[in-house]
Engineer: 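Take this structure, written in structure tokens, and hold onto it; I'll ask about it next.
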Amino acid sequence: VRDEYVDADKVDYDQLTQAALRGMLSSLDPHSQFLDSENYLDMRNDTEGEFGGLGITVGTENNRLTINMPIEGGPGFKAGLLPGDRILKIDGRMTDGLPLGDAIKRLRGKPGETVRLTIYRESSKEFKEIEVTREIIKIPTVRGVRILSGPGLDPHKIGYLRISQFGEKTVDEFDTALRKLQTAGARALILDLRNNYGGLLDSAVEVAGRFLPVGAEIVSTEGRPGSSKRQSFQARGRERLLDLPLAVLINGRSASGAEIVAGALKDLRRAILIGETTFGKGSVQTVQPLDLDPAKPIAVKMTTAKYYTPGRAVIHGVGIQPHIHAPISAADDEALFLKQASETLAPDRRQKVESLPDTQLDRAVAALIGLRTYAERHRAAGRIQTASGK
């Protein structure tokens, strides 16, 4: 190729090598990829909680570039992008056959620059042209912390919080939220993991561990069949909420770290799961830096193992099923996304979406009230039995 290809300016050795690596890794699965210097630094910035871009996460679904989640309050969210939107063009260039890493590179850029997206929205069968201005994105990952209020709810003191993703700051934010709810007198908790696409494994393990005894296995990983490589992740010795009744909300966009938390709490009978079967992204990607040029760090991101729940159930391609199935329509799913992010909307839109029903949340509230009522009757029956000497 270097000797004979007609355009000599396209046969730079480094460019050819990186193109070969990019093609080889993308042929394995949608999550393995070659990370050039720009993408590698972007990935590190993502997990640290601040980066520049459109404020959306993207992936491939049926080999099509698809928006997994617009980050609440980010430029993509404010421009009207929704989960599930297919990106057909970026600045007029088709995305068919475009490797995921290259697509991400086109979406990223300097703050203040505008990018034009052509998207297809399955729920409404619409094609849309949407312009988004890049910004520096800051990501608070724990949101909506409150004691639920409403007719008949006040005596039950049900706390609510939502984790939008698992990042480096999630555990500290989560602990702060729990202390706030405990101070407010929470007697039960709803943990909302809907539309949580995952993130850092350690953060997910720490969150699950808050509700489990020390040493309980939360998740394990195993490599290819016949490999002796197995890792087990247990609950560590920090503060615990072992007696707090717990419900977890999940849906088809709960993935990776969210599935680890939901799977552990389900298998260990620590929570009741409500909603829809999760996405089924249960594979482990290892990032291996290639120390060739310190000024331009590059890396290989490759799937090396799969996750298993404490009950030895595989997550990948299967997902986690809820105890209580509470499916919703595509239109209600879009409304839910806006309702979850209502705090970032303009006042007129906020008032409109906050009045929308959330049937899955209602089912979780009913389940927790039922559990608490049963537990209180059981304790009362025990006191009566002890008092009577029987």
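These numbers come from a predicted model, not from an experiment.
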Engineer: How long is the span from the CG atom in Leu361 to the CG atom in Leu336, to the nearest 0.5 Å?
Structural biologist: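 Reported to 0.5 Å precision, the distance equals 9.5 Å.
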Engineer: State whether a side-chain donor-acceptor pair under 3.5 Å links Gln33 with Ser26.
Structural biologist: no
Engineer: Verify whether one side chain among Thr118 and Glu129 offers a donor that lies under 3.5 Å from an acceptor in the other.
Structural biologist: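 Note: Thr118 and Glu129 side chains meet the donor-acceptor criterion.
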Engineer: Within the distance-only criterion (no hydrogens, no angle test), does the side chain of Asp85 pair as donor or acceptor with the backbone N or O of Ile67 below 3.5 angstrom?
Structural biologist: no
Engineer: Is a side-chain N or O of Asn196 found less than 3.5 angstrom from the main chain of Ile163, in a donor-acceptor match?
Structural biologist: yes
Engineer: In this structure, which one of Asp202, Thr141, Asp175 forms a side chain to side chain donor-acceptor pair (under 3.5 Å) with Thr170?
Structural biologist: Thr141
Engineer: Using the rule given for side chain to side chain donor-acceptor pair (under 3.5 Å), can you reason through Gln321 versus Thr277, listing the C-alpha separation, both sets of side-chain angles and the distance that settles it, and then say yes or no?
Structural biologist: CA-CA 4 Å; Gln321 291 193 6; Thr277 301; 4.7 Å; no
Engineer: Are Leu148 and Leu191 linked, directly or through intermediate hydrophobic residues, by side-chain heavy-atom contacts shorter than 4.5 Å (ILVMFWY only)?
Structural biologist: no
Engineer: Hey, any chance Leu98 and Ile119 share a hydrophobic cluster, counting ILVMFWY side chains that come within less than 4.5 Å of each other, even indirectly?
Structural biologist: no
Engineer: Is it the case that Arg86 places NZ or CZ above or below the six-membered ring of Tyr120, under 6.0 angstrom from the centre and within 45 degrees of the axis?
Structural biologist: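 No, cation not above the ring by the 6.0 Å, 45° rule.
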Engineer: Verify the distance criterion only: is there a donor paired with an acceptor across the side chains of Gln234 and Ser232 at less than 3.5 Å?
Structural biologist: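 Result is yes, a qualifying pair exists.
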Engineer: Judged by modelled atom types alone, do Asn63 and Thr60 share a side-chain donor-acceptor pair under 3.5 Å?
Structural biologist: no
Engineer: Distance from His325 atom NE2 to Ile274 atom CD1, nearest 0.5 Å?
Structural biologist: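 Atom-to-atom, His325:NE2 and Ile274:CD1 are 11.5 Å apart.
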Engineer: Can you tell which of Tyr308, Tyr307, Phe166 makes a side-chain contact (heavy atoms from CB on, under 4.5 Å) with Ile260?
Structural biologist: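 In the set Tyr308, Tyr307, Phe166, the residue that makes a side-chain contact (heavy atoms from CB on, under 4.5 Å) with Ile260 is Tyr307.
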Engineer: Can you see whether Asn251 engages Ser254 through a side-chain donor-acceptor pair at a distance of less than 3.5 angstrom?
Structural biologist: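 Judged by distance alone, the side chains do pair up.
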Engineer: Salt bridge check, Lys306 against Glu259: does any charged N sit closer than 4.0 Å to a carboxylate O?
Structural biologist: no
